[in-house]
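Here's the structure we're looking at; comments come further down.
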Amino acid sequence: MRSAAPYRLQPTVQFYEWGSDTAIAELLGVPPDGRPQAELWLGAHPSAPAHVDVDGTLMPLDRLLTEQPLEHLGAPVLELFGRRLPVLFKVLAAARPLSLQVHPTLAQAREGYAREEAAAMPRRAAHRTYRDRSHKPELVVALTPFDALSGFRPLVDTSDLLSQLARHGADGLRRALVMLQQGELGGLVWEFWDLPQAECRTLVGATGLAAARLASSGRGRWHAEAVWIERLAGLHPGDPGVLVATLLNLIRLKPGQGLYAPPCRLHGYLEGVALEIMANSDNVIRGGLTTKHVDIAELEHVLRVWPETVEVIEPTTEGVESVYLSPAAEFRLSRLELAGRTRMPFTPAGPEILLCLEGTANVNGIPLERGEAVFVPAALAYELAGPATVWRATVGSLQNYREPERRSRPR
């Protein structure tokens with residue numbers, strides 16, 4: 001096998017019903033194939049690893065790292081995370097909303113995975129929740145205008161929105177208003193999810209109609225929220241996730257802005273194209289707005305319900321590099337703006353993935369056009385030249401990594 005050098009990456013496309021028919025195909029410079037291309041995976045998760053060219057043979061990246069871990073991952077990463085890449089890097093292209101979802105803590109992921117393994121549940125089973133042993137903190141950075149739901153809105157603001165919807169015909173929300181006034185956000189969330197099917201369908205329908213009236217009445221404070229509530233009710237009639245969505249912050253990212261989702265926070269991405277970086281996991285606990293498996297019982301164990309104001313992340317600029325800071329130890333994301341023939345030397349502390357999105361970059365003699373990427377093994381010094389915009393996915397601050405405490409699952 002050849003000595004360590006940057007490897008060209010052949011990413012894996014994931015086809016989900018909410019994906020765009022055109023965005024990822026356009027990025028890759030290929031014709032659309034008529035299917036909704038939702039995500040482009042540039043990592044080593046065993047569910048959908050990218051491939052690398054090794055001596056003329058395409059090899060899954062996870063296999064390369066397993067066979068030559070020290071050379072490609074480096075000693076610090078290998079010691080902390082084993083023979084696996086701790087970071088997963090994606091392009092996400094949402095033409096319609098994703099599910100309402102939450103991700104577990106590291107301890108919860110390990111315990112849930114062990115429980116489903118002990119039950120002999122196939123790892124690719126549609127009803128399986130834990131597909132690996134990792135948590136999944138994640139960060140998205142918008143490439144186009146990008147809408148998301150994230151965290152429960154402060155109670156006074158949610159009361160105002162639900163009052164508006166009630167005045168426009170959603171009378172069934174008046175009980176929710178009383179519960180909010182009493183500070184019972186958690187009780188309201190689970191009451192929405194526990195509604196009998198017929199009652200839920202009626203309330204979702206009335207809420208969607210009220211949102212349509214509110215949206216058509218002018219561009220007031222809740223116009224954007226009303227537009228999305230109407231759309232969600234139309235896409236998912238009778239789904240209690242529509243009602244829960246009325247309680248969440250609507251975040252509207254401009255291109256270049258980021259949003260971090262820690263474990264245990266309810267969130268859902270609605271529309272747009274973004275880069276997504278996360279711990280190397282595919283553990284998703286869904287609570288609605290989807291045709292996939294919804295696991296309310298596990299959601300009740302993992303979800304934290306409290307009001308919060310969610311911050312939009314602006315990058316911190318360090319020379320030609322703009323860094324999106326987050327508390328995650330597994331990943332770090334930055335954008336490099338390389339003008340002219342500027343050459344930048346880098347010596348990675350761990351493995352890296354470089355993705356070119358504008359212009360033409362050059363990595364140690366390997367040209368990268370728009371949509372092309374390379375995997376850089378740990379500690380391999382490289383030079384990066386432009387003119388180009390290159391996104392750099394690296395391992396985060398390893399000194400901040402801590403093993404989870406061993407605790408029993410909350411009940």
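Small disclaimer: the values here were computed from a predicted structure and weren't measured.
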Discussion item. Nearest 0.5 Å, please: how far is CG in L100 from NE2 in H236?
Written reply: 9.0 Å

Discussion item. Minimum heavy-atom separation for A373 and L42, please, with both atom names.
Written reply: CB-CD2, 3.6 Å

Practice prompt. Given side chain to side chain contact (heavy atoms under 4.5 Å, CB included), test L325 with I313 step by step and report yes or no.
Written response: CA-CA 8 Å; L325 299 175; I313 299 174; 5.7 Å; no

Discussion item. Could you tell me if the side chain of E39 sits less than 4.5 Å from the side chain of W18, heavy atoms only?
Written reply: yes

Worksheet item: Under 4.5 Å between any side-chain heavy atoms of T290 and L98, yes or no?
Response: no

Worksheet entry | Under 3.5 Å: donor-acceptor pair, side chain of R265, backbone of Y260 | yes

Worksheet, complete the sentence: Closest non-hydrogen atoms of L180 and S159, given as atom of the first, atom of the second and distance, are CB-OG, 3.6 Å

Worksheet item: Between the main-chain N or O of L270 and the side-chain N or O of D147, is there a donor-acceptor pair closer than 3.5 Å?
Response: no

Discussion item. Between Q37 (side chain only) and A25 (backbone N and O only), is there a donor and an acceptor less than 3.5 Å apart?
Written reply: yes

Discussion item. Side chains of T158 and R153: any donor to acceptor distance under 3.5 Å?
Written reply: yes

Practice prompt. Could you go through the side chain to side chain contact (heavy atoms under 4.5 Å, CB included) check for S334 and R392 one step at a time?
Written response: CA-CA 5 Å; S334 63; R392 185 183 184 207; 3.4 Å; yes

Worksheet item: Hey, does L139 have a side-chain heavy atom less than 4.5 Å from the side chain of L259?
Response: no

Fill in: Side-chain donor/acceptor of R213 to backbone N/O of H168, under 3.5 Å
yes

Worksheet item: Going by the angle between their ring planes, with limits at 30° and 60°, are F346 and Y382 parallel, tilted or perpendicular?
Response: parallel

Discussion item. With rounding to the nearest 0.5 angstrom, report the OG1 to NZ distance, T12 to K90.
Written reply: 11.5 Å

Worksheet item: Would a distance-only check, ignoring hydrogens and angles, find a side-chain to backbone donor-acceptor pair under 3.5 Å from R84 to N280?
Response: yes

Practice prompt. Spell out, as yes or no, whether a donor-acceptor pair under 3.5 Å connects the side chain of D239 to the backbone of L289.
Written response: yes

Item to complete: Measure the CD-CG distance between E330 and L85 for me, rounded to the nearest 0.5 Å.
Response: 11.0 Å

Practice prompt. Would you mind reporting whether C264 and L303 have side-chain heavy atoms less than 4.5 Å apart?
Written response: no

Fill in: Residues R370 and E358 bridged, charged N to O under 4.0 Å
yes

Discussion item. Contact between I229 and L161 at the side-chain level, heavy atoms closer than 4.5 Å - yes or no?
Written reply: yes

Practice prompt. Give a yes or no on whether the backbone of D132 and the side-chain of N283 come within a donor-acceptor separation of less than 3.5 Å.
Written response: yes

Worksheet item: Is there side-chain contact between L214 and S217, with heavy atoms separated by less than 4.5 Å?
Response: yes

Practice prompt. May I ask you to say whether R128 pairs ionically with E117, meaning some side-chain N is under 4.0 Å from a carboxylate O?
Written response: yes

Discussion item. Quick one about T291 and E17 (side-chain donor to acceptor, distance below 3.5 Å, no hydrogens or angles considered), yes or no?
Written reply: yes

Worksheet item: When rounded to the nearest 0.5 angstrom, what is the spacing between NE2 in H223 and CH2 in W228?
Response: 13.0 Å

Discussion item. Looking only at side-chain N and O atoms, does Y130 offer a donor or acceptor that is under 3.5 Å from a partner on R123?
Written reply: no

Discussion item. One thing to verify: whether E67 and R83 come together as a salt bridge, which I'm taking to mean a side-chain N less than 4.0 angstrom from a carboxylate O.
Written reply: no

Practice prompt. Examine the side chains of E191 and W193 and answer whether a donor and an acceptor come within less than 3.5 Å of each other.
Written response: no

Discussion item. For the residue pair K292 and Y16, would you count it as a cation-pi contact if the rule is NZ or CZ under 6.0 angstrom from the ring centre and within 45 degrees of the ring axis?
Written reply: yes

Discussion item. Can a donor-acceptor pair be found, under 3.5 Å and without considering hydrogens, that links the side chain of S20 to the backbone of T22?
Written reply: yes

Practice prompt. Measure the spacing between CZ of F331 and CG of L88 and express it to the nearest 0.5 Å.
Written response: 10.5 Å

Worksheet item: What's the verdict on side chain to side chain contact (heavy atoms under 4.5 Å, CB included) for F152 and W306, showing C-alpha distance, side-chain angles and the deciding distance?
Response: CA-CA 6 Å; F152 291 96; W306 57 51; over 6 Å; no

Discussion item. Please check: side-chain N/O of Y324 versus main-chain N/O of G256, any donor-acceptor pairing under 3.5 Å?
Written reply: yes

Response to the item:
For P154 and E308 the tightest heavy-atom approach is CD-O, 3.6 Å

Discussion item. Between R221 and D157 (salt bridge meaning N to carboxylate O under 4.0 Å), is one present in this structure?
Written reply: yes

Practice prompt. Indicate whether the side chain of D295 and that of T129 have a donor and an acceptor atom separated by less than 3.5 Å.
Written response: yes

Worksheet item: Between R131 and E116, does at least one N-O distance fall below 4.0 Å, as a salt bridge requires?
Response: no

Fill in: Carboxylate-amine/guanidinium contact R231 E271, below 4.0 Å
yes

Discussion item. The test is side chain to side chain contact (heavy atoms under 4.5 Å, CB included); show your working for D21 and R35 and say whether it passes.
Written reply: CA-CA 6 Å; D21 293 339; R35 294 180 291 174; over 6 Å; no

Discussion item. Whether the H135 and Q108 side chains hold a donor-acceptor pair (N or O, under 3.5 Å, no angle test) is what I'd like checked.
Written reply: no

Worksheet entry | Partner residues of E199 under the salt bridge (Lys or Arg N to Asp or Glu O under 4.0 Å) criterion, sequence neighbours left out | none

Practice prompt. Evaluate the side-chain proximity of V302 to T105: yes if any heavy-atom separation is below 4.5 Å, no if none is.
Written response: no

Practice prompt. Could you pull out the closest heavy-atom pair between P97 and L235, with the gap in Å?
Written response: CD-CD1, 3.7 Å

Worksheet entry | Derivation of the salt bridge (Lys or Arg N to Asp or Glu O under 4.0 Å) call for R115 and E298 | CA-CA 12 Å; R115 185 175 64 252; E298 190 63 21; 3.1 Å; yes

Item to complete: Let me see the working for R335 and E321 under salt bridge (Lys or Arg N to Asp or Glu O under 4.0 Å), right down to the final yes or no.
Response: CA-CA 6 Å; R335 183 184 70 241; E321 189 171 27; over 6 Å; no

Worksheet item: What are the two closest non-hydrogen atoms of P6 and L380, and how far apart are they?
Response: CD-CD2, 3.3 Å

Response to the item:
Separation between CG (N364) and CG (L384), nearest 0.5 Å, reads 9.0 Å

Worksheet item: A109 and S134: which non-hydrogen atoms are nearest, and at how many Å?
Response: CB-O, 3.2 Å

Worksheet entry | Side chain proximity check, R8 to L368, heavy atoms < 4.5 angstrom | yes

